[in-house]
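Have a look at the structure below before the remarks.
These numbers come from a predicted model, not from an experiment. Lettering of chains follows the sequences in order, A, B, ..., and the numbering in each one begins at 1.
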Number of protein chains: 2
Amino acid sequence: MKNNIRVERAILQISQAELAEKVQVTRQTINAIELGKYAPSAVLAMKIAKVFGKAVEEVFQLEEND
Amino acid sequence: MKNNIRVERAILQISQAELAEKVQVTRQTINAIELGKYAPSAVLAMKIAKVFGKAVEEVFQLEEND
DNA sequence: TCAATATGTAAAATATATTTTACTTTTGTT
DNA sequence: AACAAAAGTAAAATATATTTTACATATTGA
């Protein structure tokens with residue numbers, strides 16, 4: 001699972017900590033997901049996409065191994 | 001987390017078992033998610049939406065408690 | 001350069017999703 | 001009614017996401 005979180009954050013100019021606060025998870029969770037260490041839950045993915053004003057598919061992309 | 005899986009399945013006329021096979025999970029997983037017993041992972045939500053030819057947000061909707 | 005802010009990382013604990021196996025109930029068809 | 005297919009359920013095991021605490025490194029601005 002790939003994602004554009006870093007780019008979307010840059011557009012909004014918000015830190016990992018700020019995004020974390022907006023979607024009510026810890027900063028470490030955002031960091032791990034942004035770095036692709038694991039994939040989020042659907043609820044979290046939808047909340048993140050919502051913050052960016054994008055569809056889930058615009059922020060997260062399935063890969064072959066998914 | 002709400003969803004329209006039942007309706008989307010009806011449109012495609014596929015059973016829970018068939019959807020499960022398409023997205024590579026067990027029938028019980030589809031049943032549990034369809035009934036709202038728990039929310040799927042983002043990967044699974046995206047695969048399900050893809051089968052239906054819809055965006056994740058069209059198949060799954062966040063609720064207040066999410 | 002110094003300090004502050006942001007990011008990366010890690011291990012252990014907890015929460016949640018998914019599988020497996022198995023059985024029950026419902027629905028649709030003949 | 002009888003049969004088959006579909007859907008519902010449940011408990012235990014496993015996999016994965018998320019939290020917590022804590023520290024290390026990098027980046028930015030004064």
| field | Residues R9(A), E18(A): salt bridge by 4.0 Å N-O rule | value | no
| Do the non-hydrogen side-chain atoms of I30(A) and V23(A) ever get within less than 4.5 Å of each other? | yes
| In residues 33-52 of chain B, which residues come under 4.0 Å of DNA chain D by heavy atom? | L35(B), K37(B)
| request: Round to the nearest Å and state the distance from F60(B) atom CZ to dA17(C) atom C1'. | output: 13 Å
| query | Is there a side-chain contact between T29(B) and L44(B), using heavy atoms and a 4.5 Å cut-off? | reply | yes
| request: Using a strict 4.0 Å threshold on nitrogen-to-oxygen distance, state whether R6(A) and E34(A) make a salt bridge. | output: yes
| request: Take atom CD1 of I30(A) and atom P of dG8(C), then tell me their distance rounded to the nearest Å. | output: 12 Å
| Between Q13(A) (side chain) and A10(A) (backbone), is there a donor-acceptor pair under 3.5 Å? | no
| task | Specify the residues of residues 1-26 of chain B, ordered by number, for which at least one heavy atom lies under 4.0 angstrom from an atom of DNA chain D. | result | R6(B), R9(B), S15(B), Q16(B)
| message | Output the rounded distance in Å from CZ (R27(A)) to P (dT19(D)). | response | 12 Å
| Between N31(A) and dG8(C), does any side-chain N or O lie under 4.0 Å from OP1 or OP2? | yes
| task | Report yes if the side chains of F60(A) and I5(A) come closer than 4.5 Å at any heavy-atom pair, otherwise no. | result | yes
| request: Evaluate side-chain hydrogen bond (donor to acceptor under 3.5 Å, both in side chains) for E8(B) paired with N3(B), printing each intermediate quantity in order. | output: CA-CA 10 Å; E8(B) 297 296 339; N3(B) 72 80; over 6 Å; no
| Which of the following nucleotides, dA22(D), dA7(D), dT20(C), is nearest to the side chain of Q28(B)? | dT20(C)
| Within-4.5 Å side-chain heavy-atom neighbours: M1(B) and P40(B) | yes
